[in-house]
Amino acid sequence: MSQGLPSSLEDMLTGLNEKQREAVTAAPGPILVWAGPGSGKTRVLTYRVAYLIAAHDVPPWRILAVTFTNKAAREMRERLENLLGVKASGLTVGTFHAFCARMLRQEPAYHPFTERFVIADAEDQRRLVKQAMEDLRISDTFYPVRQVHAAISRAKNAGQWPDDFPENDLRNRTIKQVYRRYQELLLASRALDFDDLLLWAVRLLEEHPGLRRKYSERYQHILVDEFQDTNALQYHLVKLLAQEHRNIFVVGDMDQSIYRWRGADYRNLERFQRDFPEARIIPLEENYRSTQYILDAAMGVIRPLHKKPKRLYTRRGQGRKVVVKRVRDTYQEATFVVETILEMVRTGQAQLGDFAIMYRTNAQSRVMEDRFLEYRIPYRLVGAQRFYGRREVKDLLAYLRLLYNPADESSLLRIINVPPRGIGMKTLAALRTQAQRMGLSAGELLLDLAAHPETYASTFNRRVFNVLKHFADQLASWQAAMTRLSPLDLLDRILHDIEYKTFLRETSRHPEEAETRWENVMELRRLVAEYPPSALEQFLEDVALMSDQDTLEEGDAPTLLTLHAAKGLEFPVVFIVGLVEGLLPHARSTEDIEALDEERRLFYVGITRAKDRLFLVVPETRWSFGTYEPLNPSRFLKDLPPEAVSGDLEKLFPHLKKKKKRRRAAAKGASSTSPGESTRPAPRYREGMRVRHARWGLGTVVSVEEAGGDQILMVAFDTGTTKPLLASMAPLEIVG
DNA sequence: GCGTGGGAGACATGT
DNA sequence: TCTCCCACGC
């Protein structure tokens with residue numbers, strides 16, 4: 001079989017270990033690669049594609065590879081081009097969302113959005129949910145927009161359309177109405193939200209057998225990375241496409257499942273084995289990334305989630321022990337980080353680009369950034385929101401989006417009076433009313449007004465007509481220019497016409513602020529400049545689907561990022577900061593066992609990013625809402641094997657040794673909650689008891705599992721949901 | 001119509 | 001500590 005392989009591919013195969021080679025060269029068919037951290041799964045995935053092309057003569061355009069980020073997609077494509085040359089072109093590589101967006105644009109006949117739809121960002125989505133609630137006269141006092149939106153998104157990710165949404169209680173009936181209205185508003189704007197991309201793609205394939213045939217014939221080989229973080233819809237999509245030819249290669253690791261809250265379901269790994277029973281399962285166990293002490297720490301942390309101990313081994317040697325460092329507060333934490341970095345750089349142990357600082361919440365980056373600035377150390381901050389969330393950037397993107405899709409109401413509302421052009425509430429209301437009357441969007445009406453002003457002279461009063469006409473003429477002229485200008489030239493034209501620089505100067509408090517905002521505009525210009533003429537659509541889509549990791553650029557500076565954003569990356573030296581109760585595990589995750597387990601896996605993911613050195617930092621207090629708040633060290637630290645750790649671990653848990661035995665006996669999830677530390681003595685629950693939960697209301701205990709002095713309860717709430725709860729942690733009381 | 005200033009609420013994690 | 005929203009005055 002490997003006869004006639006390019007020599008680069010031969011070399012590559014000899015560089016793999018036995019299991020990796022087995023995965024790469026396995027005969028086509030369903031394959032599940034069980035890949036621990038640092039086991040070379042990215043390589044395996046890339047080589048697998050190369051192997052299909054080179055050894056099985058699969059044309060690249062018959063291959064679909066789904067990656068977790070666009071960055072990963074880009075890297076895979078580049079590597080393949082290096083391995084195979086031009087042969088790799090035609091390959092489809094991208095995220096689920098990008099793939100679905102592309103499919104929907106290619107099949108406008110099968111959905112009502114036409115090919116020129118926009119993708120609603122998080123802000124648009126909230127705005128539309130709010131609008132939907134206003135339309136329905138639903139007060140946000142009882143139905144906070146965030147929560148309603150979350151419920152809708154959850155439903156979508158489970159594959160539910162408004163018709164499928166439950167109506168078992170008043171709350172759900174209300175949300176169902178909002179969901180329905182929200183979809184109408186999206187459609188009127190010719191916009192899809194992130195979840196819709198998947199939802200509609202699945203619907204198309206389900207409802208149109210011809211389409212399903214077309215796509216499953218086209219993509220006869222499908223590969224999916226980070227399979228444990230796929231959600232129900234994504235799994236469904238894969239299944240629809242792969243059912244026929246069954247050449248489906250998935251790579252995943254349950255222990256790195258950290259997106260349950262976003263609808264991901266690691267049980268897709270089990271579903272996969274059920275739907276493709278003939279699947280070959282190949283475990284990749286050897287770790288090439290970390291030294292053994294780091295792996296020992298990782299194993300200790302993940303241990304409570306497994307019946308049998310998890311084995312992670314490396315040939316890299318013991319390495320240096322994991323350092324646990326206790327500091328007074330978050331400022332000292334930042335100081336410790338920067339000073340350690342400087343010291344390690346000074347002594348030649350590492351370069352600036354080798355470091356990563358990971359935290360649970362984005363808010364934690366601030367203190368760290370301040371310290372980096374103070375010490376004049378450059379840093380790279382991972383986070384798409386950081387740049388694309390800026391007002392000036394969003395405003396300019398809204399201009400481009402509106403020109404691309406005049407129905408995009410969110411964008412129009414955003415910029416219709418930015419900079420101020422005399423269009424206030426009154427004028428806007430008149431515009432929208434008239435648009436509604438004519439069955440147009442406000443943007444479409446404006447373009448029509450520019451084309452036939454005389455038709456509108458009697459519709460609006462003189463003042464309103466004049467201000468609208470002025471803006472409409474601008475829109476129309478940009479739109480006419482759009483077809484021949486590159487995205488950059490179009491942007492420049494807009495910047496010039498609206499005198500944006502002047503506007504920034506006039507609305508900024510200090511000259512420096514105007515300067516910074518203008519620099520952001522220049523940065524946007526730089527990004528736009530990479531797109532050729534007629535690629536505005538691609539630019540807008542790339543921006544909309546940009547992931548945090550996609551913003552990470554090469555550079556010789558430490559990287560600041562959340563633990564979530566760290567997935568799939570590796571760094572020689574890793575600091576994980578804020579290892580305290582309330583942050584990791586996060587306060588909002590402590591009452592639900594599954595959420596708690598996910599926090600543990602998140603810590604595990606962070607630990608396993610480190611190649612050579614790992615520092616775990618524990619502040620004793622933090623400044624929060626005006627006072628110093630005392631903090632307790634994260635319960636997960638108790639599961640670190642003391643032999644692999646140096647530093648302050650024993651100071652944090654003076655009684656650690658005594659409790660060790662009990663912890664061992666404890667079951668999954670409850671392992672490290674020592675009874676002495678819970679906030680209050682847990683009452684004893686029994687099956688059949690009626691209980692009240694602070695959030696979910698009344699319910700009945702349906703099962704009780706004793707676990708290391710604590711109890712794991714399954715509670716069936718009257719709302720219809722059943723939740724696992726930890727007796728000592730859940731805000732639960734016995735009633736009646 | 002528009003700018004300003006004060007008060008309230010917010011910080012999970014992100015496509 | 002920052003952002004959003006509303007009320008008020010010009």
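Lettering of chains follows the sequences in order, A, B, ..., and the numbering in each one begins at 1.
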Write out a two-atom table: protein N or O, nucleotide N or O from nucleotides 2-8 of chain B, distance below 3.5 Å.
from, atom 1, to, atom 2, distance (Å)
B:dC2, OP1, A:G422, N, 2.8
B:dC2, OP2, A:N417, ND2, 2.7

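Stacking annotation: A:W261 is stacked on the base of B:dT13 (ring centroids less than 5.5 angstrom apart, interplanar angle below 30 degrees).
Residues that satisfy the salt bridge (Lys or Arg N to Asp or Glu O under 4.0 Å) test with A:R328, not counting sequence neighbours, are absent from this structure. Remark: A:R190 pairs with A:E444 by the salt bridge (Lys or Arg N to Asp or Glu O under 4.0 Å) rule, at least two apart or across chains. Applying the side chain to side chain contact (heavy atoms under 4.5 Å, CB included) rule to A:W261 yields the partners A:Y259, A:H564, A:E598; only residues at least two apart in sequence or on another chain are considered. In this structure A:R260 satisfies the side chain to side chain donor-acceptor pair (under 3.5 Å) test together with A:E594, sequence neighbours excluded.
In this structure, the CG atom of A:D229 is 12 Å from the C1' atom of B:dT13, given to the nearest Å. Protein atom CD of A:E134 is 10 Å distant from nucleotide atom P of C:dC5, rounded to whole Å. Taking atom CG of residue A:N461 and atom C1' of nucleotide B:dG1, one finds them 13 Å apart after rounding to whole Å. The CD1 atom of A:I416 sits 14 Å away from the C1' atom of B:dG1 (whole-angstrom rounding). Whole-Å rounding puts the A:Q147 CD to B:dG9 C1' distance at 14 Å. With rounding to whole Å, A:N157 atom CG is found 13 Å from B:dT15 atom P. Across the protein-nucleic acid pair, A:Q256 atom CD and B:dT13 atom C1' stand 16 Å apart, rounded to whole Å. Taking atom CZ on A:F194 and atom P on B:dT13, their separation rounds to 15 Å, with Å as the unit.
When the side-chain nitrogen and oxygen atoms of A:S589 are compared with OP1 and OP2 of B:dT13, none of them lie within a distance under 4.0 Å. For A:R146 and B:dG9, the shortest distance from a side-chain N or O to OP1 or OP2 is not below 4.0 Å. Contact annotation: A:S547 reaches the phosphate of B:dT15 (side-chain N/O to OP1 or OP2, under 4.0 Å). Considering only side-chain N and O atoms, A:K130 lies nowhere under 4.0 angstrom from the phosphate OP1 or OP2 of C:dC4.
Residue contacts for A:K71: at a heavy-atom cut-off of 4.0 Å it reaches no nucleic acid atom on any strand shown. Within the nucleic acid shown, A:R463 comes within 4.0 Å of sugar-phosphate atoms alone, with no base atom in reach, counting heavy atoms only. Nucleic acid contact class of A:Y259 (heavy atoms, under 4.0 Å, all strands): sugar-phosphate only. The residue A:R391 sits apart from the nucleic acid: no heavy atom pair falls under 4.0 Å. Nucleic acid contact for A:E599: base, since at least one base atom lies under 4.0 Å from a heavy atom of the residue. At the heavy-atom level, A:N362 lies under 4.0 Å from the strands shown only through sugar-phosphate atoms.
With C1' as the reference atom, C:dC4 and B:dT13 are 23 Å apart, rounded to whole Å. Nucleotides C:dC6 and B:dC11 have their C1' atoms positioned 24 Å apart, rounded to a whole Å.
Between A:F372 and A:Y379, the ring planes are tilted. Angles from 30° to 60° get that label.
For residues 418-432 of chain A, every residue pair satisfying the salt bridge (charged side-chain N to carboxylate O under 4.0 Å, His left out) rule, not counting sequence neighbours, is listed here: A:E409-A:R432.
For the pairing with A:E537, the salt bridge (charged side-chain N to carboxylate O under 4.0 Å, His left out) check across A:R105, A:R116, A:R102, A:R401 returns one residue only, A:R105.
Minimum atom distance to the side chain of A:T95 is reached by B:dT15, of the listed B:dG14, B:dT15, B:dT13. Of the candidate nucleotides C:dC2, B:dT13, B:dC11, C:dC2 has the atom nearest to the side chain of A:R366.
Residues A:N268 and A:A232 share a closest heavy-atom pair of ND2-N, 4.4 Å.
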Next on the checklist: Walk me through whether A:D542 and A:Q538 qualify under side chain to side chain donor-acceptor pair (under 3.5 Å).
Outcome noted: CA-CA 6 Å; A:D542 288 352; A:Q538 194 59 50; 2.9 Å; yes
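Both A:R262 and A:T427 lie near DNA chain B, and the one whose nearest nucleotide falls closer to the 5' end is A:T427.
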